[in-house]
Amino acid sequence: MSGAILELFEDERIAVLLDTAMTRESIARIVQKTGRSTAEAVEAVLAVNPQRRLIAPAEVAAVVRLLCSAGGDGINGEAITIDGGELRR
């Protein structure tokens, strides 16, 4: 990722690359600030994610459902990261 895009990415505080309106707004601001195309900005943002994609809200919801179900009874005091492998990079 280019330094300028990385700085803007960090300025936008996109902590997790969720496919949401907030992420799309952040990408639009990056486009506005850099003059790059939307596709170029999206590509630069996705470059930090090993899966090179946005996380779907349904993926987060599935983890929440697990935690709220009997299957999650033994999970206690954990921070669960849903980031497509970005933290491991």
Side-chain angles (χ1 to χ4, degrees):
M1 179 182 302
S2 75
I5 291 285
L6 181 56
E7 288 175 19
L8 288 170
F9 177 76
E10 290 170 350
D11 286 348
E12 290 295 333
R13 308 288 192 267
I14 305 175
V16 177
L17 296 174
L18 289 176
D19 189 5
T20 63
M22 183 182 295
T23 300
R24 288 187 292 279
E25 289 168 7
S26 292
I27 290 170
R29 283 190 294 275
I30 289 170
V31 167
Q32 181 182 11
K33 290 176 182 179
T34 64
R36 293 179 184 240
S37 71
T38 299
E40 289 171 323
V42 168
E43 183 63 29
V45 167
L46 294 181
V48 302
N49 185 299
Q51 293 183 2
R52 301 193 51 80
R53 67 182 184 87
L54 296 174
I55 303 299
E59 294 175 87
V60 177
V63 173
V64 171
R65 279 192 303 276
L66 168 67
L67 293 173
C68 294
S69 72
D73 287 349
I75 301 171
N76 186 354
E78 293 299 319
I80 299 174
T81 303
I82 307 167
D83 67 357
E86 183 179 337
L87 186 63
R88 297 267 183 220
R89 203 169 209 200

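Just so you know, these numbers use all the heavy atoms, side chains as well, and skip hydrogens, waters and symmetry mates.
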**Complete:** Closest non-hydrogen contact found for V31 with S37 is CG2-O, 3.8 Å
**Asked** From I55 CD1 over to R53 CZ, what is the distance, rounded to the nearest 0.5 angstrom?
**Response** 4.5 Å
**Item:** Which residues share a salt bridge (Lys or Arg N to Asp or Glu O under 4.0 Å) with R65, sequence neighbours left out
**Value:** none
**Fill in**
Residues passing the side chain to side chain donor-acceptor pair (under 3.5 Å) test with Q32, sequence neighbours excluded, are none
**Request:** Please report the closest heavy-atom contact between G84 and P50, naming both atoms and the distance.
**Result:** O-CD, 3.6 Å
**Prompt:** Any sub-3.5 Å donor-acceptor pair from D83's side-chain atoms to L17's backbone N or O?
**Reply:** no
**Item:** 4.5 Å side-chain heavy-atom contact, L46 and L54
**Value:** yes
Result block: side-chain N/O donor-acceptor pairs under 3.5 angstrom for residues 71-81, not counting sequence neighbours:
none

**Complete:** Taken in chain and number order and not counting sequence neighbours, the residues that satisfy side chain to side chain donor-acceptor pair (under 3.5 Å) with T20 are T23
**Prompt:** Hey, what do you get for CG (L18) to CD1 (I82), rounding to the nearest 0.5 Å?
**Reply:** 8.0 Å
**Message:** According to side chain to side chain donor-acceptor pair (under 3.5 Å), who are the partners of S69, at least two apart in sequence or on a separate chain?
**Reply:** none
